[in-house]
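Remarks on the structure that follows.
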Amino acid sequence: MLKTFSHNSVVRRIGAAALTLLGVAIFVFIMLRAIPGNQITAGLGTEAAALTPAQKLALEQYYGLDQPLVVQFFSWLGNLFTGNLGFSARAQQSVLDLTVASLPVTFELAIFSIVLALLIGIPLGMLSASKPDSPRDALGQIVGLAGLSIPAFLLATALLSVLASSLGFNPNGQAFASLFGDPLLNLQQMLLPSLVLGFGIAAPIMRTTRTAVLEVRSNDFIRTARAKGVPPRRLQLKHVLGNALVPIVTMTGLQFGYLLGGAVVVEQIFSLPGIGRQVLLGIQQKEYALVQSTVLVIALTFVIVNLLTDLTYRLIDPRVRAS
Amino acid sequence: MTDLAPAPVGPTPRTGSVAAGRFRALLRSPSGLSGAIIVSLLVLLTFASYFSLLSYDPIAQDPPSRLLAPSFTHLFGTDQFGRDVFSRVAAGVANSALIAVVAVTFATVIGTMGGLIAGFFRGIPDVAIGGVTNVLFAFPPLLLALALVSVFDRNWFTIAVAIAIVYVPIFIRVTRGPVLSLREVEYVKAATSTGASRIAVMMRHVLPNITSIIIIQVTLSLSWAVLTEASLSFLGLGAPPPTPSLGSMIFEARTLVYIAPWTMIAPGVIVVLLVVGLNLLGDGLRDILDPRNKGKR
Amino acid sequence: MSHGSRFTRGAVSALGLAAIVSLAVSGCSSPGTPAPAETAKSGGSLVVGVTSDPDTLFPWKATQFQATHVLQNVYGTLTEFDEGLNVVPGLAESWDASEDGLTVTLKLREGVTFADGSTFGSEDVVSSLTKIQDEATAAVSRSALASVTAIEASDENTVLLTLSAPNAALPAGLAVLTLAMLSSDDTEAALNTAPNGTGAYSFDTRVANQSITLKKNTAYWGDEPTLGSVEFRVIPDESSIVSAMQSGNVQMAIFDDPLVAQTAESGSITIAKTPQLSYHTLQLNATRGDLADVNVRLAISCAVDRQEVLDTAALGEGEVTGPITSPAYKSDTDARPCPERDLKQAAAYLAKAGKADGVTIKTIVSQGEYATSVNEAQNLKAQLAEAKITLDVETLESGAYVDRWVAGDFDAAVALNGGQPDPDGMYGRYFTSTGNLNKVAGYSSPELDALFAEGRAASDPTDRAAIYEKVSAELEDNAAWVWLFTSYSYTATDSAVQGFVPMANGSLQYLRTTTVN
């Protein structure tokens, strides 16, 4: 399954990525228009019934809805290449500015969650694998299962309401602080959401670690190393974990990509102005350009993360390095 | 190992020829057994609800008996409309399971066919299917489901379809890789050279060899489908009321949690149980179906 | 366009759909305890938890209720409502109609300035009203000025309005945010980012999707506003707003869901319940199918126990209502054809319509826009089934529902519509044959046209009350719609918050007398 890492394949991958993004652009464009209603009715609600035809036309011109769909699509696409991602009438800001503000929030959340997940998942997975079918394996498995099975919104709601009502601890009730504006408050605000997401992601990480470690350990070179008298701790960390890293990195990359849009529920509960919420709001308000561009940004990030993941495991996989 | 599915999932197993009739083996594995027990109990509950064997109608409102605490008359208490929470949870399991099963069935059939065709025929079908898969994959799954649900009139079926569309690419990826390698296996090559139609070879010789992978993926997907439906409900995009689904029950109960905690605890515990059961079942299946796990446990 | 005979209300009412709570304006708010200006502690900053950002900062297009909340404090209107929903002077100190009722003289308040320091005068009034009338502006309350044929400034502080017909509802109609007075120098584009009004607070900062902050307008023409600043903080999830109140980060919030309010009520948080003017109704489209027969409509009306709908769908939190919900003109629910549910009478009406075997009616319901809609539909369906009336419930996404509603494309619709203090503003646009929402109402009659015209011409309050009693009777006797109930809005405040008066329209105008200790 491993391809050689050549100049050609890089070009091919970039080409494929561009096509994928074009597909995403077309798909999201059509899907948005298939959702009933438009920005006028989303804003005015049933009050839109009171508009005269001339008023309606004026509003359609204002929102650019009077153009044929093909024109709408290509002018949006054309604008993208000039760095113009569109304008949000609702926020009175360019989509670019909104994204520059919201993407780092989700990125930060994703990074913290992943770090937490790795800190929980890898040791737990190694613990489980260290003695299969023992009580410690069961413990690891149960924690993993809980992470997989408890819906994030349930955990999030419970944490937030219990801590707020009993301890009065609710940093997320304060205005959102950016990492560089007020790092201390920002870290507090990221704490609970990262815990919730990290716990969920720890589960697949733990399971991947456990399986990978078990597999690596059954390999001959580990037996050889052990026979040679490599100390167990060193064996565990360097040889076993080192070789089990590939699937773990792959899983981590996938989870990171997944978090870009998958954190929307947690962003909603903890009032984090992230990119998931930006899309959700855009869909609700029928802000077409906003949703189209934001989804494209997420897709682009996803593609890049995948590429990086691929690169990383090519770097760390001993089998690939050898060849 | 590159073809991992993008959502919480264990590593994709490699191809292996697995004989049928592993049910007993499943029951011998501890996780398989507990999973089977939990899931069967919930299925039993579902049937009881489906054939109206429970003493209360899950939808009928009875204002005088609203927000009663759990008792012998109402095992899990009543909600803000005086509806029996136990009956609603039972119906909710039924609805959540229905959505999950329909969604995963669609995803399995379409995704497996897609993966088979792409992997077996290569060439243009592979490129086309691969392209669609990449596009769907580049969408964040929850946002994709969310947008799809908004397109249709919302009912349990359209939610199932939306979830199915999200999971189709996962099944395509999971099957395509093994099919690619199976294609090169001697007996498949031999079958092709005897002049049998390629479709026949694909269905007769390739498909049976990837069933174990598919089965494992199905159980895992079922549990995500339950969670996805619950998350959609949480964002107000689940099955419309009064239809009880576990997700919408939790969503509606959030405002009640201080006054009537049972309205949230009951569906919350059940949804976790359901997902745990499905995951355990999946683990059990993997233990016996995945050749890599042989001798490791 | 309507004939200019109607004076429609301003468009504040979000007609229920603009989500969560509708912006009805009504009386009967318990007169809270507005802090007297002299004892009010100056300063203090308040944080209000809201689920969403305003969707526009341009007042003439603001129907979303979060937008109204913010902008009402920033902009001024010619007239205003007091806490009892009486029309009181705003930017106009007086409004006098000529003998024939065709000319209205507005005397403007002197010494009023906009937030940018420019002086408010007749030029701004003329420019605002003229722009609102221009269809290209797409102002939602344009139809409110339909009877105004000329607007001129006779001097710096006097404006003359020429009307095509007398209009007693005009003063109340001018009190809405969508008819706010803007500076003649301002443009929509400028105001979208930098609101500039004459209100008690002025725009300070906005962080898109996160918060909007207002600061005290020290040049405000009325008593000095009490708060130093007000922040509307976006917390998208209502339960999270409750948590933020419990942890003391947010001091005030408005809920429409009684359960959320109940959850919030604890410790230092108190809840004030305010009856709303908006009403839950089953709209019947009398231009379609079986519903064209008045007897079918009456059968439906008789077969519904409104209290049961209220109890099952809204936990009994509200009051059964007739068409007119404003206290001064309130419809008498005992005067309707079947004051109590009467299945025999319903059967009789069906028989009279030649439909003794029953009828099938299709209704649209929006889901997700307000909490009770689908439950109402389910209960109505159950009740009507007992009268051989099959209610086919078509549940729609809000976008699809609005599309259908706006086009009048439905037989029946479960709706939550906004109310008005003045009954002409509330129903003139629905139930007169020239009303701009008549196609949505689906019913009009020469009798109603005459009654509404009479109501606009009469200036004596007692006369008007009598006329609108007849309007109510006309609507109920013909079962134009099936009016169900009104609900409450819930204002949650921390104990540190004093002097706020919740209004029946959900207006936050009394933030100007609010203090935070």
Side-chain angles (χ1 to χ4, degrees), chain A residues 1-2 16-17 19-21 23-24 27-28 31-32 34-36 132-133 141 145-154 157 161 165 200-201 203-204 207-208 211-212 214-215 218 246-247 250-251 254-255 257-258 260-262 264-265 268 276 279-280 283 291 295 298-300 302-303 310 313, chain B residues 1-11 30-31 130-132 134-144 146-148 150-153 177 180-181 220 223-224 226-227 230-231 234-235 247 250-251 254 257-258 264 268 271-280 283 292-293 295-297:
Chain A
M1 247 184 252
L2 298 168
L19 273 180
T20 299
L21 291 178
V24 169
F27 187 67
V28 68
M31 190 167 64
L32 276 178
I35 301 177
D133 293 326
Q141 299 264 28
L145 201 60
L148 269 192
S149 309
I150 298 177
F153 64 84
L154 199 60
T157 314
S161 50
S165 62
I201 301 166
R207 294 176 149 227
T208 311
T211 316
L214 283 179
E215 184 168 313
S218 64
V246 180
T250 312
M251 179 52 79
L254 285 169
Q255 292 297 336
Y258 166 78
L260 290 175
V264 57
V265 169
Q268 187 86 349
V279 176
L280 182 66
I283 293 177
V291 180
V295 166
I298 296 177
L300 177 69
F302 184 81
V303 168
D310 249 28
Y313 86 61
Chain B
M1 293 298 295
T2 50
D3 284 349
L4 280 173
V9 56
S31 48
V132 173
N134 284 339
V135 168
L136 288 178
F137 255 139
F139 262 90
L142 190 57
L143 290 180
L144 178 60
L146 200 141
L148 285 170
S150 318
V151 172
F152 309 116
D153 277 348
L180 268 182
S181 38
L220 288 171
S223 63
W224 310 334
V226 170
L227 286 178
S231 302
F234 181 84
L235 292 171
I250 295 171
F251 177 60
R254 287 179 325 136
V257 73
Y258 297 96
M264 184 184 241
V271 81
V272 172
L273 261 185
L274 181 59
V275 178
V276 164
L278 288 168
N279 276 323
L280 283 173
D283 288 355
R292 269 186 310 180
N293 285 343
K296 275 189 209 152
R297 298 198 56 133

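Source: prediction; values computed, not measured. In what follows, every chain begins at residue 1, and chains take the letters A, B, ... in the order their sequences are listed. All values below come from the heavy atoms of this structure, side chains included, with hydrogens, waters and symmetry mates left out.
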| note | Max heavy-atom pairs within cutoff under 4.5 Å with chain B, candidates A:Val303, A:Leu260, A:Val279, A:Leu21, goes to A:Val279
| message | Quick check for you: among A:Leu32, A:Val291, A:Val265, which has the greatest number of heavy-atom pairs under 4.5 Å with chain B? | response | A:Val265
| request: Could you go through the side-chain contact (heavy atoms from CB on, under 4.5 Å) check for B:Val271 and B:Val226 one step at a time? | output: CA-CA 8 Å; B:Val271 81; B:Val226 170; 3.9 Å; yes
| query | How would you list, by chain and number, every residue that makes a side-chain hydrogen bond (donor to acceptor under 3.5 Å, both in side chains) with A:Ser161, sequence neighbours excluded? | reply | none
| message | Between A:Ala34 and chain B, with a heavy-atom cut-off of 4.5 Å, which part of the residue counts as in contact: side chain, backbone, both or neither? | response | both
| said: Within the 4.5 Å heavy-atom criterion, are A:Pro151 and B:Val272 side-chain neighbours or not? | reply: yes
| Heavy-atom proximity to chain A below 4.5 Å, by part of B:Ser223 | neither
| field | Heavy-atom contact with chain A under 4.5 Å, split by part of B:Leu148 | value | both
| request: Specify which of A:Leu19, A:Thr20, A:Ile298, A:Leu280 makes the most heavy-atom pairs with chain B at under 4.5 Å. | output: A:Thr20
| Considering only heavy atoms, which portion of A:Val28 lies under 4.5 Å from any heavy atom of chain B: side chain, backbone, both, or neither? | both
| task | Please tell me if the side chains of B:Leu136 and A:Phe27 come closer than 4.5 Å, counting only heavy atoms from C-beta onward. | result | yes
| field | Step-by-step side-chain contact (heavy atoms from CB on, under 4.5 Å) determination, B:Met264 to A:Leu154 | value | CA-CA 9 Å; B:Met264 184 184 241; A:Leu154 199 60; 4.2 Å; yes
| said: Given heavy-atom pairs under 4.5 angstrom as the criterion, report whether the side chain, backbone, both or neither of A:Ile150 touches chain B. | reply: both
| request: Can you tell which part of A:Thr157 gets under 4.5 Å to a heavy atom of chain B, answering side chain, backbone, both or neither? | output: side chain
| task | Using side-chain contact (heavy atoms from CB on, under 4.5 Å) as the criterion, list what pairs up with B:Ala230, not counting sequence neighbours. | result | A:Phe153
| said: Testing the basics here: between A:Leu148 and B:Leu227, what is the closest heavy-atom pair and its distance to 0.1 Å? | reply: O-CD1, 3.3 Å
